[in-house]
There are 2 protein chains.
Amino acid sequence: MTRIVDVARQAGVSTATVSRVLNGKTVRPELATAVHAAVAELGYVPDRTARSLRRRSSDVVALVLPDVENPFFTAVARGVEDVAQQAGYSVVLCNTDDDPAKEARYLDVAEHENMAGVLIAAAPGAPPLGNLLARGRAVVALDRAVRDDVDQVTFDNAALGRRATRSLLDRGFRRIACVTGPRETSTAAQRAEGWRAALAEEGLDAPDELLIHANFRVDGGYAATAGLLDAAGAPDAVLATNNLVGVGALRALADRRVPLAGSADDRGTATGSAATGVGIVGDLPFATSRTDQVALLPLNPRGLGVTAAEMLLERLDGLDSPARHVVLDGTPAADAGRVPA
Amino acid sequence: MTRIVDVARQAGVSTATVSRVLNGKTVRPELATAVHAAVAELGYVPDRTARSLRRRSSDVVALVLPDVENPFFTAVARGVEDVAQQAGYSVVLCNTDDDPAKEARYLDVAEHENMAGVLIAAAPGAPPLGNLLARGRAVVALDRAVRDDVDQVTFDNAALGRRATRSLLDRGFRRIACVTGPRETSTAAQRAEGWRAALAEEGLDAPDELLIHANFRVDGGYAATAGLLDAAGAPDAVLATNNLVGVGALRALADRRVPLAGSADDRGTATGSAATGVGIVGDLPFATSRTDQVALLPLNPRGLGVTAAEMLLERLDGLDSPARHVVLDGTPAADAGRVPA
DNA sequence: CCGTTAGCAGTAATCGATTACACCACGGAC
DNA sequence: GTCCGTGGTGTAATCGATTACTGCTAACGG
């Protein structure tokens with residue numbers, strides 16, 4: 001393998017000068033061109049391991065996610081990756097399954113691999129960021145709030161819950177259930193709060209039996225919705241506070257042949273007696289049916305990833321301001337290349 | 001940060017001995033216990049960057065994928081990650097968008113980061129693995145065949161195409177279109193071959209206008225299916241050779257309010273004149289509708305990832321056999337935790 | 001004309017773990 | 001008693017890039 005000394009010899013300069021040329025420090029122009037020529041001729045590429053050891057920081061960032069199979073988070077990953085890659089960083093994807101133990105293990109690896117920074121959508125409970133922060137590593141929390149004093153970028157989840165609920169109210173639904181994620185997951189709790197607030201604004205009650213804390217996956221949404229439909233006093237609409245729960249809800253309806261109600265008016269006219277409305281905080285990139293009856297509130301996870309990655313890069317560039325909290329509206333940029341859903 | 005010299009001092013031994021204890025070489029028992037005690041007391045964890053530099057290989061493996069937003073590949077990633085993590089390796093996810101240039105860039109990074117190995121589902125065209133192989137790095141190709149002399153694990157794609165087509169034939173369909181991926185993508189081509197073979201076995205023709213090379217994403221399947229439906233001589237069933245194309249096909253039908261035909265018999269009885277069947281090589285983890293009318297041929301991408309990762313680990317363990325080609329049947333292990341679809 | 005300073009380049013230390021090599025002690029063989 | 005082998009340990013070289021430090025040269029002011 002060609003090393004920096006080979007380049008130095010070839011260019012007739014010292015290794016220090018080669019390093020300086022490659023890292024953009026000032027060097028006499030003719031030496032710089034000699035170095036560039038040598039680099040080109042030998043096909044030299046610096047060994048990133050050695051660089052990391054000396055710099056005490058690698059050019060890898062960790063992206064710690066609760067569920068890589070969730071299209072929401074894969075879109076986040078895309079956004080992060082595009083930005084990071086552009087800046088010459090690689091992204092290691094770490095999947096925690098919302099398990100604090102797996103999360104802790106990954107944070108440990110990030111620390112001891114000397115990764116440049118960490119982006120994390122935290123599992124329930126407080127993520128152990130202490131060591132990383134003590135070492136001065138850049139950390140940005142995304143999607144889910146954390147207690148630590150670090151940069152954070154989240155959606156305004158209460159507002160999202162409220163808006164999605166309101167769009168169901170606007171369609172005439174009155175008895176609206178909320179299927180959300182685990183109590184300890186901040187997004188789940190806040191969106192449910194938004195649901196409660198929207199109902200309250202309308203003078204409606206938010207009874208306990210209409211708020212279900214499921215898991216944030218398809219099976220959670222499916223079981224919760226099935227339970228709601230089968231119980232006495234079924235709701236006339238269901239708000240799913242994330243995309244996968246929404247998929248589960250729709251599938252539960254489909255399996256029971258319960259028609260989808262676009263508005264409360266549909267409930268009388270539909271063939272089934274209990275046509276039900278569905279609202280989703282999120283969208284359905286892999287829907288296999290029309291979704292125009294569903295009250296979707298599309299988010300922009302890619303933008304979340306982009307913003308978080310940019311904030312991390314700023315820190316890696318040496319920004320030393322106090323921790324910033326960015327709250328995104330959640331409104332998606334117009335994403336190209338999507339099939340009209 | 002605690003370094004190996006700190007441990008050595010604390011334990012009253014040399015750094016060499018500490019290293020040996022930590023790497024399982026023979027050392028006098030009482031020294032070993034002293035080292036372990038010191039490690040525990042100081043909370044020492046080896047710096048992986050330094051280790052990588054010296055060993056000339058890190059404990060990171062690259063997983064190069066064409067599309068991380070495709071649930072098929074995220075499932076592959078899960079499988080890889082579970083195995084790799086278990087063995088103490090981290091996985092860097094690299095998304096190529098089927099773009100050979102992005103792919104080449106990632107392979108370059110993998111080389112210069114001294115990554116232990118590379119798992120790759122190659123973009124169209126021959127991936128530039130030469131440098132990695134020359135350096136003796138472990139490489140395993142998965143899902144898509146490559147020309148290089150490396151370990152490979154794929155499905156029997158022709159058989160999959162044939163089986164999926166046959167299940168449509170069994171349901172009585174006769175004019176079966178095939179919507180597949182780009183010509184240069186081996187899986188797309190081979191599954192289409194299987195389609196052609198199944199038709200031939202039945203004495204049926206496979207006319208050119210019924211074979212569409214789209215992209216392997218939702219919009220590709222959508223546009224291709226829409227085109228087939230709108231053209232004269234529309235098919236009575238559509239075979240989608242991957243999951244996303246299947247999603248696109250179903251959505252195209254739904255948008256046109258074309259009923260889904262479970263068998264050729266449905267075509268007469270259904271309300272619309274042109275109820276159409278759909279077969280998919282793959283499954284629909286995020287379907288929002290019933291899928292019992294769809295001829296699904298579920299695959300086991302997670303198993304693919306697990307197998308590929310295990311093969312890579314064997315190589316990393318020093319296995320030095322000639323390149324192995326594993327062809328998986330594609331039949332999924334019974335995956336738990338899925339909603340009945 | 002000399003001293004000071006700035007700018008640039010080279011030498012060598014450095015990052016932290018691994019490991020080649022040297023060395024020592026001990027046991028057995030002759 | 002000496003020699004050799006073996007098994008365990010320590011010292012120091014090593015991986016390859018970065019950078020603190022030093023020194024040289026040239027420009028400029030007094």
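Naming convention: chains lettered A, B, ... in sequence-line order (proteins, then strands); numbering from 1 in each chain.
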*More 5' along DNA chain D: A/Ile4 or B/Thr15, using each one's nearest nucleotide?*
B/Thr15
_So, using side chain to side chain donor-acceptor pair (under 3.5 Å) as the criterion, who are the partners of A/Arg20 when residues are at least two apart?_
none
_Evaluation steps, salt bridge (charged side-chain N to carboxylate O under 4.0 Å, His left out), between A/Asp6 and A/Arg9_ = CA-CA 5 Å; A/Asp6 304 324; A/Arg9 188 165 15 244; 3.6 Å; yes
*For B/Leu31, answer base if it contacts any base atom (sugar-phosphate contacts may also be present), sugar-phosphate if it contacts only those atoms, and nothing otherwise; contact means non-hydrogen atoms under 4.0 Å.*
sugar-phosphate
*Would you call B/Arg217-B/Asp98 a salt bridge at under 4.0 Å N-O?*
no
_Any residue meeting salt bridge (Lys or Arg N to Asp or Glu O under 4.0 Å) with B/Asp67, in chain and number order, not counting sequence neighbours_ = none
_Under 4.0 Å from a heavy atom of chain B: give me the 5'-most and 3'-most nucleotides of DNA chain C that qualify._
C/dG16 to C/dT19
*What do the steps show when you test A/Arg302 against A/Asp82 for salt bridge (charged side-chain N to carboxylate O under 4.0 Å, His left out), and what is the final call?*
CA-CA 10 Å; A/Arg302 191 178 179 288; A/Asp82 289 351; 2.5 Å; yes
*asked:* Considering every strand and a 4.0 Å limit on heavy-atom distances, what is the contact class for B/Thr26: base, sugar-phosphate, or nothing?
replied: sugar-phosphate
*asked:* Please determine whether side chain to side chain contact (heavy atoms under 4.5 Å, CB included) holds for the pair A/Met115 and A/Val92, giving the CA-CA distance in whole Å, both sets of side-chain angles, and the decisive distance to 0.1 Å.
replied: CA-CA 10 Å; A/Met115 292 189 187; A/Val92 194; 3.9 Å; yes
*Partner set under salt bridge (Lys or Arg N to Asp or Glu O under 4.0 Å) for B/Glu314, not counting sequence neighbours*: B/Arg324
*asked:* So that I can tick it off, tell me whether B/Arg135 and B/Glu111 are bridged by a salt bridge, with the cut-off set at under 4.0 angstrom between side-chain N and carboxylate O.
replied: yes
*asked:* Tell me if a side-chain donor or acceptor on B/Ser52 pairs with a main-chain N or O of B/Arg48 at a distance below 3.5 Å.
replied: yes
*Going by distance alone, is a donor N or O of one side chain under 3.5 Å from an acceptor N or O of the other, for A/Gln85 and B/Tyr106?*
yes
*Interface residues of residues 42-50 of chain A with DNA chain D (non-hydrogen, below 4.0 angstrom)*: A/Tyr44, A/Pro46, A/Asp47, A/Ala50
*How long is the line joining CG of A/Leu53 and P of D/dT19, in whole Å?*
12 Å
*At under 4.0 Å between heavy atoms, what does A/Thr17 touch on the DNA or RNA strands: base, sugar-phosphate, or nothing?*
sugar-phosphate
*NA contact type, B/Val18, heavy-atom cut-off 4.0 Å: base, sugar-phosphate, or nothing?*
nothing
*Got a salt bridge between B/Asp47 and A/Arg56, using NZ or NE/NH1/NH2 to carboxylate O under 4.0 Å?*
no
Below 3.5 Å between N/O atoms, which protein atoms pair up with nucleotides 20-27 of chain D? Just atom names and distances, please.
none

